[in-house]
Amino acid sequence: MKKYWLMKSEPNAFSIDDLSRCKDGTEPWDGIRNYQARNFMRDEMSVGDGVLFYHSNCPEPGVVGLAEVASDPYPDKTAFDPKSKYHDPKSNPEQPRWILVDVRFVEKFPRTVTLAEMRTVKILEEMKILQKGNRLSITPVRKKEYDRLVKLGRNG
DNA sequence: GCCAACGTTGGC
DNA sequence: GCCAACGTTGGC
């Protein structure tokens with residue numbers, strides 16, 4: 001059963017255009033250091049799941065396009081690298097603490113479905129991203145929410 | 001830049 | 001196990 005996710009990224013650090021330029025449009029979703037987000041990747045994602053790509057912490061936060069889960073879960077190697085900004089000395093290859101999946105670029109919408117616009121759409125009102133104080137960088141999305149956002153994004 | 005909300009850490 | 005202190009996220 002295909003599932004759907006919203007994944008945040010700061011475009012300053014890694015935008016949807018950056019993803020589209022990666023080899024095969026595919027890149028490990030590294031640097032996640034939150035247990036809930038890790039558990040979604042480790043326990044609940046499957047290859048082919050739909051991903052809404054969300055730009056956060058930027059002038060126009062919102063959903064900018066689509067990606068998909070492109071691998072089974074495996075250890076986040078940046079945690080083992082002392083030179084990485086994501087280094088975690090408590091993680092090691094024998095007992096990796098941080099797990100990720102690869103994400104593949106699917107499409108960039110002709111326009112951004114902004115957070116402000118999302119707040120005006122009744123069918124989206126239960127989305128985690130719209131709840132006060134939510135900071136989780138990976139959240140599950142219902143099919144009806146995903147479908148509506150795709151429609152809004154393509155209708156540019 | 002501000003600040004509310006949240007997660008993690010560590011002393012006890 | 002409690003909880004204060006601290007660091008981070010992210011909209012505005």
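The sequence lines fix the lettering, A, B, ..., with proteins before strands; numbering per chain opens at 1. Only a predicted model underlies this, so the values are computations on that prediction, with no experimental measurement involved.
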Protein-nucleotide distance (N12(A), atom CG; dT9(C), atom C1'), rounded to Å:
14 Å

Within the 4.0 Å heavy-atom criterion, would you say K128(A) contacts the bases, only the backbone, or no part of the nucleic acid?
nothing

How many angstroms lie between CZ in R38(A) and CG in D43(A), if you round to the nearest 0.5 Å?
7.5 Å

Can you tell me the distance, in whole Å, between the CG atom of L115(A) and the P atom of dC12(C)?
5 Å

Y54(A) vs dT9(C): side-chain N/O to OP1/OP2 distance below 4.0 Å:
no

Rounded to whole Å, the CD-C1' distance (E10(A) to dT9(C)) equals 8 Å

Spacing between R33(A) atom CZ and dT8(B) atom C1', to the nearest angstrom
15 Å

May I ask you to check whether S20(A) and D17(A) show a side-chain donor-acceptor distance below 3.5 Å?
no

Please evaluate residues R142(A) and E126(A) with respect to the criterion salt bridge (charged side-chain N to carboxylate O under 4.0 Å, His left out), reporting the C-alpha separation (whole Å), side-chain torsions for both, the decisive distance (0.1 Å), and the verdict.
CA-CA 9 Å; R142(A) 296 166 186 81; E126(A) 289 179 23; 3.4 Å; yes

So does K132(A) get a side-chain nitrogen or oxygen closer than 4.0 Å to the phosphate oxygens (OP1/OP2) of dC3(B)?
no

Between R21(A) and S15(A), does any side-chain donor sit less than 3.5 Å from a side-chain acceptor?
no

Ignoring the backbone of K90(A), work out which of dT9(B), dG11(C), dT9(C) is nearest its side chain.
dT9(B)

Atom CZ of R135(A) to atom C1' of dC6(C): distance rounded to whole Å?
12 Å

Closest to the Y35(A) side chain, choosing from dG11(C), dA5(B), dT8(B):
dT8(B)

Nearest-nucleotide check on DNA chain B, G133(A) vs N57(A); residue mapping nearer the 5' end is N57(A)

Rounded to whole Å, CG of L6(A) lies from P of dG10(C) at a distance of 11 Å

Can you tell me the distance, in whole Å, between the NZ atom of K8(A) and the P atom of dT8(C)?
16 Å

Just how far, in rounded Å, is P of dC12(C) from CD of E117(A)?
14 Å

Do any N or O atoms from the side chain of R111(A) and from the backbone of R154(A) form a donor-acceptor pair under 3.5 angstrom?
no

